[in-house]
Amino acid sequence: MEINELKDAWAQYDKKLSKVLKLNEELLRSVNLEKSTFALKKPMILELLNLVIQFCIINIIIALLIQLSGETQYFITGLIGSLMCAVSFVFSAVKASHFYDLLYYDLSVMHFQKKMTNLRILILRLRKIEYLIAVIIGITLLSLIVKAKAGIDLLGDLTVFIPAVFGVVGLGLIFGVILNLKVYDKSIKDAESFLNMVEKFGNEE
Amino acid sequence: MNKDNFISVVKDNQNLIFKICNSYCSNYEDRKDLQQDILIQLWNSFSKFDGRVKISTWIYRIALNTAISFYRKDRKRNEKTVGIDASVISLPDSRPGFELDERISLLYKYLERLNEMDKALILLVLEDKSYRDMAEILGISETNVATKISRIKKRIKEEFKH
């Protein structure tokens, strides 16, 4: 069968559809489409919320850092924690701007799919680092708050602090490796293969 | 855009939406969800429509992008639903005289086996879109479109030779 025959069959099919296809106007009218705007913006809004939370955490860490500036180990811990928080802040800002770019689907198919897949790969790659950063920020905040508010020297009592850190980091790493192997690496591979396909589709002349 | 205008645009292009949903999803539930996603995306993107391209070209772009993303499950489906439980665009339950041509059934089966991008291209070919429109919708050059179509012709001839 030639393509023209299929086109004819498709055109006849389209004519038949025009006669019988029904649009449920009542249903469409009753749906709160305005509500869907918020749902579509949700990933971006969540990242913006993340930015606000991270900004607050940075400020808390800096305030505690100033309060404990006389104690070298807390000062260094605070610096590392605020640096990690700043990195996380940048990650969220990058993701939010990408989500904003992809809020509307009216780009050409190839450009949109490339952007969408690149964002997917970026999110998956960043998520691997974000878990580690979250653990470091958690430990930093805990040790600074406990020292500043309760006067307990977690960093000074290395017999407690080192096993606790190793425990948390160790568990985090085991969990992270399993998660990476089972979820992220597979998803990244899948997204990369789709991206290759889209790029190949666009480059063939 | 108000809802009346939106409904009128959807009505004018319901065949297009119906065919894209049928080409990307083989089961009713998925088709219904995809239809809903396409309508939501259209509604949300209407403010961006500037009339530089034909409305059908613009709808194709959005509908195909939504269908491909849906197909690849690039986003969490349930999070974006607005609770439409039935198909908005559908064939009536009793549809006298509506028999699906055998060639169309075969075509849908063939489309199922294609990757997302080739599926989009074949749909546009079947719709008899101009090279320019296809290039505009897909984001590739007209030369690229021509090359692909000549390959598709061969593939289809081979596929439907019996």
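Letters A, B, ... are given to chains in the order of the sequence lines, protein chains preceding strands, and every chain is numbered from 1.
- At most 12 non-hydrogen atoms from other residues, nucleotides or ligands lie less than 6.0 angstrom from CZ of Arg132(B).
- In terms of modelled atom types and a separation under 3.5 Å, the side chain of Asp106(A) and the main chain of Phe49(B) share no donor-acceptor contact.
- Within the 4.5 Å cutoff, the side chain of Gln12(A) has heavy atoms near those of the Arg103(B) side chain.
- Side chain of Asn15(B) to main chain of Asp14(A): a donor-acceptor pair is present (N/O by atom type, distance under 3.5 Å, no hydrogens or angles).
- Interface remark: Asn4(A) contributes no atoms to any contact with chain B (heavy atom separation under 4.5 Å).
- Lys148(B) places a side-chain N or O within 3.5 Å of a backbone atom of Phe201(A) that can act as its donor or acceptor partner.
- Applying the ring-ring contact (aromatic ring centres under 6.0 Å, His included) criterion to Tyr110(B), with sequence neighbours excluded, gives Phe160(B).
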Might you work through the side chain to side chain contact (heavy atoms under 4.5 Å, CB included) test for Ile156(B) and Leu6(A), ending with a clear yes or no?
CA-CA 9 Å; Ile156(B) 285 186; Leu6(A) 284 176; 3.3 Å; yes
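- Taking both residues in full, the closest heavy atoms of Tyr13(A) and Asn22(B) are given as OH-ND2, 3.8 Å, listed atom of the first, atom of the second, then distance.
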Begin from the C-alpha positions of Phe194(A) and Ile68(B) and carry the test side chain to side chain contact (heavy atoms under 4.5 Å, CB included) through to its verdict.
CA-CA 11 Å; Phe194(A) 178 65; Ile68(B) 294 171; 3.8 Å; yes
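- For Phe55(A), the CZ atom is loosely surrounded, since the number of other residues' heavy atoms within 6.0 Å does not exceed 12.
- Of the possible polar contacts, none joining the Lys157(B) side chain to the Glu2(A) backbone as a donor-acceptor pair under 3.5 Å is found.
- In this structure, the separation between CG on Asn144(B) and CG on Asn203(A) is 8.0 Å, given to the nearest 0.5 Å.
- Expressed to the nearest 0.5 Å, how far CG of Leu28(A) lies from CG of Leu39(B) amounts to 6.0 Å.
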Evaluate the side chain to side chain contact (heavy atoms under 4.5 Å, CB included) criterion for residues Val109(A) and Met117(B): first the C-alpha distance (whole Å), next the side-chain angles of each, then the deciding distance (0.1 Å), finally the verdict.
CA-CA 8 Å; Val109(A) 173; Met117(B) 300 301 283; 3.9 Å; yes
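- Neither the backbone nor the side chain of Val53(B) has a heavy atom closer than 4.5 Å to any heavy atom of chain A.
- Salt bridge annotation for Glu127(B)-Lys7(A): absent, with no cationic side-chain nitrogen under 4.0 angstrom from a carboxylate oxygen.
- His111(A) contributes atom NE2, which lies 11.5 Å from atom CG of Asn65(B) (distance to the nearest 0.5 angstrom).
- For the pair Asn115(B) (side chain) and Met197(A) (backbone), a donor-acceptor distance under 3.5 Å is absent.
- With chain A as partner, the option from Ile137(B), Val145(B), Leu64(B) having the largest number of non-hydrogen pairs under 4.5 angstrom is Ile137(B).
- Taking every heavy atom of both residues into account, Gln113(A) and Ser69(B) meet most closely at NE2-OG, 3.7 Å.
- Contacts between Leu16(B) and chain A at a heavy-atom distance below 4.5 Å are absent for every atom of the residue.
- Note that CE of Met134(B) and OG of Ser108(A) are 15.0 Å apart. Values are rounded to the nearest 0.5 Å.
- Between chain A and the options Ile140(B), Leu121(B), Leu138(B), the largest number of non-hydrogen pairs under 4.5 Å is found for Leu138(B).
- Of the atoms belonging to Leu103(A), it is backbone heavy atoms, and not side-chain ones, that fall under 4.5 Å from chain B.
- Minimum heavy-atom separation, Arg72(B) to Asp190(A): NH2-OD2, 3.3 Å.
- Of the inter-residue distances, the one linking Leu23(A) atom CG with Gln14(B) atom CD reads 5.0 Å to the nearest 0.5 angstrom.
- In this view, Phe89(A) satisfies the ring-ring contact (aromatic ring centres under 6.0 Å, His included) rule with no residue, not counting sequence neighbours.
- Atoms CG and NZ, on Leu21(A) and Lys11(B) in that order, are 11.0 Å from each other to the nearest 0.5 Å.
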Could you walk me through whether Asn44(B) and Lys41(A) pass side chain to side chain contact (heavy atoms under 4.5 Å, CB included), step by step?
CA-CA 10 Å; Asn44(B) 280 285; Lys41(A) 287 178 181 167; over 6 Å; no
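- Heavy atoms only, all atoms of each residue included: Trp10(A) and Leu123(B) are closest at CZ2-CD2, 3.7 Å.
- Cation-pi contact between Lys48(B) and Tyr105(A): absent, since separation from the ring centre below 6.0 Å together with deviation from the ring axis within 45° is not met.
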